[in-house]
Amino acid sequence: MSQKFSPELVARIEDLWTRYPDRKAVLLPALHLIQKERDGWLSEETIRDASELLGIPDMHIKGVVGFYDMFHDKPVGRHVVRLCKTLSCKLRGADELRRHIEDKYGIANGQTTEDGRFTFKCFECLGHCSTAPMMLVDEEKYENLTPDQVDEVLEGLS
């Protein structure tokens, strides 16, 4: 097994292999674990290391990383702020929240604040249409948001 990842990570991936009928099916959960261990993003080197560990061609992994918004191929802030941009959230104020974040924090979709506190991303459906507008910060959900509530959440990030 790879020495390029922590023994804990390798053990978690080995455990995943026991629960899936095909070793390739572990790719998405493994990439989440790897990304978390590697400061929230997947560099070219990390993708090569993952390819070696998982036995999956690096070009396939690059395709997956490029396709799914939850994977990052460049450095991100300490926190990733995802604001839902689909219809239910738009109808309930997501565009106002996006403009508020862009104006107040000086960043646009895909950018990171100068202090590295957070990276802002407009995101496809986060699955909480009945409590829109919705924002996901790292793995924490915030619903029925107003601009003041967004500020409260973002200003509380270290």
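Everything numeric in this text was worked out from a predicted model, so none of it was measured. What's counted below: heavy atoms across the whole structure, side chains too, no hydrogens, waters or symmetry copies.
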Asks: Determine, for E8 against R12, whether the closest basic-nitrogen to carboxylate-oxygen distance falls under 4.0 angstrom.
Replies: no
Asks: Is a donor from one side chain sitting under 3.5 angstrom from an acceptor on the other, for T146 and D148?
Replies: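 Note: T146 and D148 side chains miss the donor-acceptor criterion.
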Asks: According to side chain to side chain donor-acceptor pair (under 3.5 Å), does anything in residues 71-80 pair up with another residue at least two apart or in another chain? List the pairs.
Replies: H72-R82, H72-K121, H79-D138
Asks: Tell me if a side-chain donor or acceptor on R92 pairs with a main-chain N or O of L87 at a distance below 3.5 Å.
Replies: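 Side chain of R92 to backbone of L87, a donor-acceptor pair under 3.5 Å: no, none is there.
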Asks: Let me confirm one number: the CG-CE distance from L83 to M135, rounded to the nearest 0.5 Å.
Replies: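 Here the interatomic distance stands at 7.5 Å.
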Asks: Using the salt bridge (Lys or Arg N to Asp or Glu O under 4.0 Å) criterion, which residues pair with E44? Sequence neighbours excluded.
Replies: K62
Asks: Let me confirm one number: the CZ-CG distance from R23 to L27, rounded to the nearest 0.5 Å.
Replies: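 So the CZ of R23 and the CG of L27 are separated by 12.5 Å.
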Asks: Using modelled atom types and a 3.5 Å cut-off, is there a donor and acceptor pairing between side-chain atoms of T113 and backbone atoms of F118?
Replies: yes
Asks: I'd like to know if the side chain of D49 reaches the main chain of K4, judged simply by a donor and an acceptor atom lying under 3.5 Å from each other, with no hydrogens or angles considered.
Replies: no
Asks: Strictly by modelled atom types, are S6 and E37 linked by a side-chain donor-acceptor pair under 3.5 Å?
Replies: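 Yes.
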Asks: If the threshold is 4.0 Å, N to carboxylate O, is there a salt bridge linking E45 and R38?
Replies: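 Result for this pair is no, no salt bridge flagged.
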Asks: Please confirm whether the backbone N or O of A108 pairs with a side-chain atom of Q111, one donor and one acceptor, at under 3.5 Å?
Replies: yes
Asks: Hey, does the side chain of S88 reach the backbone of C129 with a donor-acceptor pair shorter than 3.5 angstrom?
Replies: no
Asks: How are the rings of F71 and H32 set to each other: parallel, tilted or perpendicular (split at 30° and 60°)?
Replies: tilted
Asks: Between the side chain of E52 and the main-chain N/O of I47, is any donor-acceptor distance below 3.5 Å?
Replies: no
Asks: Would you find a donor on one side and an acceptor on the other, under 3.5 Å apart, between the side chain of T119 and the backbone of V80?
Replies: no
Asks: Check this for me, if you would: do D58 and R48 make a salt bridge, where the nitrogen-to-carboxylate-oxygen distance has to be below 4.0 angstrom?
Replies: no
Asks: Name all residues meeting the salt bridge (Lys or Arg N to Asp or Glu O under 4.0 Å) criterion together with D22; count only those two or more places apart in sequence or in a different chain, and write none if there are none.
Replies: none
